[in-house]
Amino acid sequence: MESVPESQQSTIHPLDLQMAVFHCSDDFLKQEIVTKLSQCQYALPLLVPDPSTGDIECPLWTFRQIKKSWKKTETKEGSKVVTMKSMPICKAETPMVFCFRLGSLSASKSQFINTLINDRHNTFFHRNCPASTKSRLLFDGVVEIAWYCPAGKPSDTFPDCVAFCNLHGDGLTYDKQLKIMMDKSSVNVVFVPTLKKDPVISELLKSPKPLIVLVEDETDGAKQMKNNKYKAGLKGRSLSDNSDVFRKTISSILTACDRCKNYKNNTFCEKVFSAVKDMTNIIQKVETFKVKETLLPCQGEFWHKWGQLNKEQYRLTGDVEQEKSKKQTEMQNQRENQSRNAKSELITYFIKHLTSYSPDEREFFLKSTQILMDDHATNCFSSVLQNYDRVWSEFKELKEKRDKSNDLQSKQENLAEISKQLQSVTCGLEHIFREMGQIYEAHVSLKKQPKNEATDWSKYPELAAELMISGHPMELMDGDAGQVPITWISGLIDQVILKLGDKRVFVLSVLGIQSSGKSTMLNAMFGLQFAVSAGRCTRGAFMQLVKLSEEMKKDFQWDYILVVDTEGLRALELEGNTTLHHDNELATFVVGIGNMTLVNIFGENLSEMQDILQIVVQAFMRMKEVKLSPSCVFVHQNVTDVGAAEKNMDGKRKLLEKLDEMVQLAAKEEGCAAESFSDIIEFDVQKDVKYFAQLWEGSPPMAPPNPGYSESVQELKSYILSKAATSSGVTLSQFKTKVKDLWNALLNENFVFSFRNTLEISVYRKLETQYGNWTWSLRQEMLRIEDQLYTRIENGLLDQVNVNCLHERLMEKIRKLSDVIEHKKTSKRMDENKTMFENTLLQKSKELSNQFKNTKTQDELKVHFDSVWKDWVRELTTGIKPVENAVIADDVISVLQQLGFELSFIYDCKTLKTFEDLPKQRDFLLFVGREKKQKQITKQDDEDSSKKSEMVSKVLLPQEQNQIRNLIQAVEKEALELIKSKPVATRGYNSTYLFETAALVKKKVENFESHCKYIMKKKFTVDLILYVFDKAEDWILNSHAQFIKNNDARSYLESKRNQYYSVFSSFCRGNSSAVVLAEVICEKLKVSMTEFVLNRTAIDIAGHMRRNDPAFNENRLNLEKHVLKSLAEKEDFTDYISYILIPKQYIEKFIHEKVLTFIMGRENVKFFIKKNAEYIEKFVSEALDQATEKVQEGNATIWLQEFDNLLKKKLTAVSVSSKHFLDLNKFDFLKDYIKKGLVPFIQDLTKLPMMKIFEARMKPAQMLIDQLCDCCWETCPFCSAVCTNTVKDHPDKHCVPFHRPAGITGQHFKGSKEMDIDFCTTSVASNKMFFPVYNLYATLALPYKYYKTAGVRYAEWQITPNGSTLAYWKWFTCRFQKDLEMLYDLEFQGTGQIPFKWRTYTKNDAIKSLEEIYHT
């Protein structure tokens, strides 16, 4: 407004300002604005034209939080029946009356509608309202909606809820809005200045919908023109009279009018809303009264029992230690119970989505979830209340009749049951957070190991802290259980501290009786989100952070207000399980944690206040006893005349008298010497007592809020902040400690005796500790120096002590990377040798050619060159030690001997060669020794035991076979990674690499034995080491060969033999220096150009296959689908078993085969080779041109240097010594000769054989493997299906869309040869049992449906019941039935008999099912 000239400020229409704010708001603020408008009984924007584009927006999302309550009156069997209804307005099916005008009217249409809804409140803003203006910029064209909600009284305007929609502006101008609303409305009402032919009215007359035409210049009353079409004149009658006519006409029409559901869900965030709908489905699958019990089990019976036991352990009698131990054991059992039930479907789904959304999506998800939970509770809450009213009425009648029959007892029991239902049906977002807290507490109590996953229980406090920081209330005390979850609250506040720092907060708490408006007051004061709707009153205590603005922080010593809202004292729904002791406990806790407590009193009757005042006084008295000094403010709400000063003074005097009286009573009970309220707390009755006007003006549901209430709230807020300005508050860590101290004290019967002010004690102990640290640090350092100097003196290294001695130890840290530096020095020497070799050989070749210039044949030249070559090599390598070849076979035996294995045993293992196919072994029983016992078992014991037939069992279970197979694969991967990390190619082979790897394998086997029920024979360890070395041998030899090639002088010289023969031959033929240099350069270019083309082609092949091959162009799941499809097409049982037992190796083989097929059979490869050859030819040609152009004159050194610099961008530099070609000074001929020499080479290069691709340094198959196989390879603990997650260390649980029958991995029923044909996705939904073989400590079978409790191996998997609809593995089982039976020596008989239906599936059905499961 500051930018608007003062003369124009008054011309801004208030609703233009409202719409300007609305258009500038995000969806959440829009929802908040609309919700507040609804609470104030104002009309809401339903259709909003975009001021820029003119598009019509229907902001239905903003209506989602709005609820309406009303009482419907209807006649049944001759008598009127009133029914209470309360529901979200988006679900209410009500008739909709649409009102609009055509042309200009002298009277206000909006004012006319207001008389039907509430004649004392301007629901629709109109021209006669204060601050209204003639001109409107943004509000014309807006359609607003408001509801009339009857109170079930004879004076009701309508018997049921009615929606009124109002188009602002001339309907002739806004045809889009007209069409939409006329289509959606139940009744159309049009205001016209005079009745004349009009296309809009003509269309409405033809429409079957009821129509009322109100004509301003006619005097006639309501007349029916035709069926459901009415006309009425407005002239000559008062607004009240016209309103009555209009009401009667609408009432008669609405009795026969169809109802419409006003709203549907908004598309604000389809992804999130889809998740919310899924949550709705989860909840709706459960009976309403059992939602908390079924979906939120941890906060129910287990938590309540734990809380009761927790209190009982502080109030023991008899043999205290025995009883305490018993109670703690029982408490631990309850935590175990919670832990076993910690992963309900609702919580899992909620956490999964909450952790995956962006902040905006998360906010929408939370709001939508809260609305969902409230809706679900509201739907049933009304019916339960009505049932309660009915039974209560019947009970009172029987009681008045003094009926002593069983009916009275039955009604009483029925009332108690309905009371429980009221509690059961109330389920909101706070209960989900409560469940998270209990899951966290259970796991911490049981010392469960957290996982590094976003959805793990250990992350719950962090997640809740983020929500609390963003403004969501968090439960501090569980009102249902009457417990403070200390572990959860501590974890939550710790995370808040971690994110914000240990900020200072001012804790403001509130106390008062139930339904006295505490939460409403706090929400209005600070814009909070505490529950206030009917049936959703606060239970327990909730806390919410309110951040101070940067501007306000200057005036305060703290950063946040921490508001604590509490349940009402004397709560009626807690009758029977809540006592005065509970209220005292709650009041003491809330007063103790607060820096200030608001005591909320409803009304002015002191006799009704007596109970609550006694509770509050006792709480403050306890605070004084334990040296805590909170302040308090009394708030009287619903006072009829807050402006009467004399009356208020009298009220304050009576309040103070009552407080003093309560203090005297409480002092006797607490044993405290206090006679007045000012003795226990600093209290100024003139300032610390506030009076509030009543919240509503009139009777709900149509009563608007009282403006005086808002003024009172603002005054109270200012007063609170003025008092808080003098307080330093508490840090978050201090608040956490205070909560713990207070609660621990309250658990005891004597609060004052039990309270320990941990903060005060902690400060003193920190001071003691710090002092001790200082003195010890000084003493310790002096003792250390004394000891060091003493040792040096004893060793004769020091004959004088001075200050410089103190600095010598610093020099010990200067040691880094000496081996690397040495290696660089070695490489540098070899590079220097190569340069020297080439210069020498070039010089010798040139000199030798002078002797044989007249030799005519190449054969003679070759003989002469060979005769001197050996001498040249011998001369150049004199004094240089040759690099030895790697002899791996001998070193392997030596390493195994060093590890303690006998030589004869090693030779036996190598001879048998069982190690070669170790992972493919069908049965590992051969490698398993006896079962472990309590005593220590040695390897020799193991070998002896096998002779006595003391085997672990006659067969290994399939899961145990998989354990060993998984061990082999894991060890192979880690061992090969260790070997390949060694610098063999740069520093050469060393047998210590083998020893280090073998020691790793042995350690892994020993570690495996410590976690399983049996020990492995030493043959297994030896075979596994041999298997790893066998897999690594080729890599070691190739890497060492590369080292020899690069570092062995003799090998290097031999590789240059042909090159220097060519130089020698060229000189002999009398060629010029330019020709010889061109030939040398061409030879060097051929090598690097070939390498470039091969590597580029390999990349092109991998890229082409990744983009275009259906198996490779998506994710890991897609690859798995094509592997299974390929297996089905080949129908090779051996391949199937290889895939089942060692899936990663088989898939890598599958990729290799696909790449080989592509290379050998596709024209694309030839195209890639040709393209890359032409590209590199062009690059070299341009480099020659640029070098020659730049070096027009000069020597060969400059030209070669320039040419090399250009080549280095893509190729290895030619690095030719120029000292033998110094006579060159013209380079055009050299350039042309090099180009000419490369022509035949390029022709050959474009026709490279396909198999040459495999000689490239970069392998296309390996590139694809690195891309597609660097993922998760965990297997299902039941069926061994591989997790198909593309991310290797994905945070969520493992899963696979196509599980398979357990029998294909050899699983069978215990004590029989009957194979298990069940899918694990079926088993987890059944009552079947299984034995958790992956859990060393398991002794009992468990139900499949609780598989996650069987240990980490099981808990890491998400196996969703799906009825095993996948035909693929059913076809496989039937197709290879005999092969499977022979492989495992088992049968598909008895319980494992294959169903007939399975045999109807064909191979095509199997392949088709893969497509179906992939696209679900």
Side-chain angles (χ1 to χ4, degrees), residues 503-512 516-528 530 541 543-566 587-601 613 616-617 619-624 626-637 639 642 648-649 651-652 655-656 659 663 676-692 709-732 734-735 738 759:
K503 299 293 186 182
R504 301 196 76 84
V505 297
F506 181 81
V507 183
L508 177 67
S509 58
V510 64
L511 271 177
S516 61
K518 302 181 303 300
S519 301
T520 302
M521 178 179 66
L522 293 175
N523 290 349
M525 193 181 302
F526 297 109
L528 306 182
F530 294 125
M543 57 182 175
Q544 187 169 347
L545 278 174
V546 180
K547 186 178 182 180
L548 287 185
S549 66
E550 293 300 322
E551 184 180 354
M552 290 185 67
K553 283 183 181 178
K554 298 180 295 184
D555 302 323
F556 298 94
Q557 303 174 53
W558 32 267
D559 306 287
Y560 290 83
I561 300 176
L562 184 65
V563 183
V564 178
D565 188 21
T566 62
T588 302
F589 179 72
V590 170
V591 168
I593 61 175
N595 296 110
M596 177 186 289
T597 301
L598 298 180
V599 181
N600 193 60
I601 300 172
L613 290 179
V616 171
V617 165
F620 280 112
M621 186 172 289
R622 288 175 170 181
M623 294 308 105
K624 180 177 176 63
V626 296
K627 299 180 181 179
L628 295 179
S629 304
S631 60
C632 78
V633 174
F634 285 84
V635 179
H636 284 264
Q637 291 209 47
V639 177
V642 297
N648 289 347
M649 284 300 298
K652 292 177 180 179
L655 173 63
L656 187 58
L659 287 172
V663 166
S676 65
F677 191 60
S678 57
D679 289 340
I680 62 174
I681 189 171
E682 185 178 339
F683 179 73
D684 186 341
V685 72
Q686 299 297 329
K687 296 179 180 179
D688 295 334
V689 179
K690 302 296 179 183
Y691 291 92
F692 270 36
Y709 179 85
S710 299
E711 295 172 3
S712 299
V713 168
Q714 190 59 38
E715 289 174 6
L716 176 61
K717 178 180 177 181
S718 300
Y719 181 68
I720 290 171
L721 292 177
S722 68
K723 291 197 72 172
T726 61
S727 171
S728 60
V730 292
T731 64
L732 285 168
Q734 289 171 342
F735 173 74
K738 187 185 282 189
L759 293 175

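One-based numbering along the sequence shown.
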Side chain to side chain, [X] and [Y], heavy atoms closer than 4.5 Å:
X: Leu721; Y: Ile561; answer: yes
X: Gln557; Y: Phe506; answer: no
X: Asp559; Y: Leu548; answer: no
X: Phe556; Y: Arg504; answer: no
X: Leu528; Y: Asp565; answer: no
X: Met525; Y: Val563; answer: no

When you measure from the side chain of [X] to the backbone N and O of [Y], does any donor-acceptor pair fall under 3.5 Å?
X: Thr566; Y: Val510; result: yes
X: Trp558; Y: Val507; result: no
X: Ser727; Y: Ala724; result: no

For [X] and [Y], which heavy atoms make the closest approach, and how far apart are they?
X: Val617; Y: Ile680; result: O-CD1, 3.8 Å
X: Lys723; Y: Ser631; result: NZ-CB, 4.1 Å
X: Pro630; Y: Phe620; result: CG-CE2, 4.0 Å
X: Met543; Y: Phe735; result: SD-CE2, 4.1 Å
X: Val564; Y: Ala541; result: CG1-CB, 4.3 Å
X: Val590; Y: Ile593; result: O-CG1, 3.4 Å

Spatial distance of atom [atom1] ([X]) from atom [atom2] ([Y]) [nearest 0.5 Å]:
X: Met596; Y: Leu508; atom1: CE; atom2: CG; result: 7.0 Å
X: Cys632; Y: Glu682; atom1: SG; atom2: CD; result: 10.5 Å
X: Ile681; Y: Asp688; atom1: CD1; atom2: CG; result: 8.5 Å
X: Asn600; Y: Met521; atom1: CG; atom2: CE; result: 4.5 Å
X: Gln544; Y: Asn523; atom1: CD; atom2: CG; result: 7.5 Å
X: Ser728; Y: Asn595; atom1: OG; atom2: CG; result: 7.5 Å

For Phe589, what residues pass the ring-ring contact (aromatic ring centres under 6.0 Å, His included) criterion, not counting sequence neighbours?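 In terms of ring-ring contact (aromatic ring centres under 6.0 Å, His included), with neighbours along the sequence ignored, Phe589 is linked to no residue.
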Lys553, NZ atom: more than 12 neighbouring heavy atoms under 6.0 Å: yes
For Val505 and Val730: C-alpha separation, side-chain torsions, deciding distance, then whether side-chain contact (heavy atoms from CB on, under 4.5 Å) applies. CA-CA 5 Å; Val505 297; Val730 292; 3.9 Å; yes
Could you point out which residue of Phe683, Tyr691, Phe692 forms a ring pair (Phe, Tyr, Trp, His ring centres under 6.0 Å) with Phe634?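 Filter result, single survivor: Phe683.
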